[in-house]
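Working notes for the structure below.
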Amino acid sequence: MSSMRAIASSPSQQWDSKLQTHLPNASNKPINTNPNLQFKPTRHPLPCFSLNSSKSQTPLTPISPTTPPLVVVGSANADIYVEIERLPKKGETISAKTGQTLAGGKGANQAACGGKLAYPTYFVGQVGEDAHGKLVTEALRGGGVHLDHLSSVGGAPTGHAVVMLQGDGQNSIIIVGGANMSCWPERLSDEDLRVVRSAGIVLLQREVPEEVNIQVAKAAKSAGVPVILDAGGMDAPISQELLNYVDIFSPNETELGRLTGMPTESFEHISKAVAKCHKMGVRQVLVKLGHKGSALFVEGEEPLKQPIISAAKVLDTTGAGDTFTASFAVALVEGKSKKECLRFAGEGSHS
């Protein structure tokens, strides 16, 4: 079986938000509500959430036959977020300038983006029966995400991550899988697979078991629903079986290099690495290029390039790639051209 290597996402561009929404709420497993939990776009990138004294929330966008939903299947984390001037050396202890716990995870990040873009968005995932699970659930609900398919499991804690933000805006992340990687049923429920088949587009990442992604992608493909696979997540081979069901594969340039074992220092290098992905059967490859923008490679066509849309100052790159990919997915399901999708993903996800 052929395979590709993927690594943990390391976004390299701040994406901020001036997005709006409307969406109803729904969780099949009620969790205590904290009315102070809400989306906080001003300091952290679009998909991050935190406690705030304001009680405003994004209302849910109703599902209708004319707007088939974005369905995100993936991870939900509590991100322990610390700001430091630099990484500690071996054996060294340093002090953080600030620290807080925010809701995150690649799947939750992308779902939050869909909700904030006023597009009906379902999130399929798992959290633990703990305080972190409540934080993530209420943050997503406040961000306008449909939670009918978010499960609370007793056999594992909510996934979490330590995000170390350095003074230059770059970050280092350590992930603990928790409920994202444990306690999934051997077969997803008919209800979960039904919402996948009714989607306008399905968005996957690599912070849940590969078997879950395969089930979802296979169900989507059987119903003619396009699937986008974000390469970010576990550092493990991607099976050919999963790639067979993927319509758009989306790595950043670092991931692309490690996936293919090829250099990605120049656009020519990236093009050759993408050609290797095409040989694996992935016809469309959406590459996030950090400060150089992005590019969509469709097999047999000239690549579409999107230059970076500059921010005055990079505050934080956490979640940047997640926001970009989700924005692209929303634009695509709304019927925009591929070039418009690239532009929208750059423009709409940062200010």
Side-chain angles (χ1 to χ4, degrees), residues 1-10 71-77 105-107 110 123-126 149 156 159 175-189 192-193 195-197 199 201-262 264 270 272-288 296-299 321-322 325-326 328-329:
M1 175 182 292
S2 299
S3 64
M4 302 173 74
R5 295 290 291 178
I7 59 163
S9 177
S10 178
V71 175
V72 181
V73 182
S75 58
N77 287 334
K106 293 188 71 63
Q110 293 171 352
F123 178 62
V124 181
Q126 297 189 156
H149 302 273
I175 295 175
V176 179
N180 295 317
M181 294 300 296
S182 304
C183 302
W184 285 88
E186 186 174 337
R187 175 176 164 75
L188 294 178
S189 70
D192 289 344
L193 293 177
V195 77
V196 166
R197 294 188 187 100
I201 195 163
V202 169
L203 190 48
L204 305 175
Q205 328 79 39
R206 306 202 67 229
E207 291 181 345
V208 298
E210 182 106 329
E211 297 75 20
V212 173
N213 279 340
I214 290 172
Q215 284 187 57
V216 171
K218 188 175 182 179
K221 197 76 169 181
S222 71
V225 177
V227 175
I228 298 178
L229 173 63
D230 189 308
M234 68 184 79
D235 181 11
I238 302 178
S239 70
Q240 184 63 54
E241 183 179 10
L242 176 56
L243 292 174
N244 289 342
Y245 300 118
V246 170
D247 295 279
I248 300 176
F249 182 61
S250 184
N252 62 31
E253 56 189 323
T254 304
E255 292 162 350
L256 179 64
R258 297 197 186 182
L259 285 165
T260 59
M262 300 174 68
T264 56
I270 289 167
K272 290 178 179 178
V274 166
K276 189 169 183 178
C277 296
H278 290 328
K279 290 178 181 177
M280 296 293 296
V282 184
R283 185 166 180 267
Q284 300 180 75
V285 182
L286 174 62
V287 185
K288 299 175 280 278
L296 177 65
F297 297 81
V298 179
E299 190 173 16
D322 300 332
T325 308
F328 183 92

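The figures here come from the full heavy-atom set of this structure, side chains too, leaving out hydrogens, waters and symmetry mates. Keep in mind the model is a prediction, meaning the values are calculated, not measured.
Note that the CD1 atom of Ile214 and the OG atom of Ser239 stand 4.0 Å from one another [nearest 0.5 Å]. Distance check: Asp192 CG to Gln215 CD gives 10.0 Å after rounding to the nearest 0.5 Å. Note: Ile228 CD1 to Phe328 CZ = 6.0 Å, rounded to the nearest 0.5 Å. Between Glu253 atom CD and Leu259 atom CG the span is 12.5 Å, to the nearest 0.5 Å. Atom CG of Leu242 and atom CG of Asn213 lie 5.5 Å apart (nearest 0.5 Å). Of the inter-residue distances, the one linking Glu241 atom CD with Glu210 atom CD reads 8.5 Å to the nearest 0.5 angstrom.
A donor-acceptor pair under 3.5 Å is formed between the side chain of Ser75 and the backbone N or O of Lys106. Of the possible polar contacts, none joining the Asp322 side chain to the Gly107 backbone as a donor-acceptor pair under 3.5 Å is found. Judged purely by atom type and a 3.5 angstrom limit, Gln240 uses its side chain to pair as donor or acceptor with the backbone of Met280.
Annotation: side chain of Leu203 is not in contact with side chain of Ile201 (no heavy-atom distance under 4.5 Å).
Partners of Glu299 by side-chain contact (heavy atoms from CB on, under 4.5 Å), not counting sequence neighbours, listed by chain and number: His278, Arg283. Residues passing the side-chain contact (heavy atoms from CB on, under 4.5 Å) test with Ala273, sequence neighbours excluded: Leu256, Thr260, Met262, Thr264. Val176 pairs by the side-chain contact (heavy atoms from CB on, under 4.5 Å) definition with His160, not counting sequence neighbours. Residues passing the side-chain hydrogen bond (donor to acceptor under 3.5 Å, both in side chains) test with Ser250, sequence neighbours excluded: Lys288.
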Would you list the atom pairs, donor with acceptor, under 3.5 Å between side chains in residues 217-224 and any protein atom, with sequence neighbours excluded?
unit_1: Lys221; atom_1: NZ; unit_2: Asp247; atom_2: OD1; d: 3.2
unit_1: Ser222; atom_1: OG; unit_2: Ala219; atom_2: O; d: 2.6

Can you give me every donor-acceptor pair (side chain of residues 181-188, partner residue at least two apart or in another chain, under 3.5 Å) with its distance?
unit_1: Ser182; atom_1: OG; unit_2: Gly178; atom_2: O; d: 3.4
unit_1: Trp184; atom_1: NE1; unit_2: Asn180; atom_2: O; d: 2.7

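Across all their heavy atoms, Met234 and Val208 have their closest contact at CE-O, 3.0 Å. Summarising the geometry of Gly74 relative to Phe123, their closest heavy-atom pair is O-CZ, 3.5 Å, with the distance given to 0.1 Å. Heavy atoms only, all atoms of each residue included: Glu207 and Asn77 are closest at OE1-ND2, 4.2 Å. When all heavy atoms of Pro251 and Val285 are compared, the pair lying nearest together is CD-CG1, 3.9 Å. When all heavy atoms are compared, the tightest approach of Val71 to Ala199 is CG2-CB, 3.5 Å.
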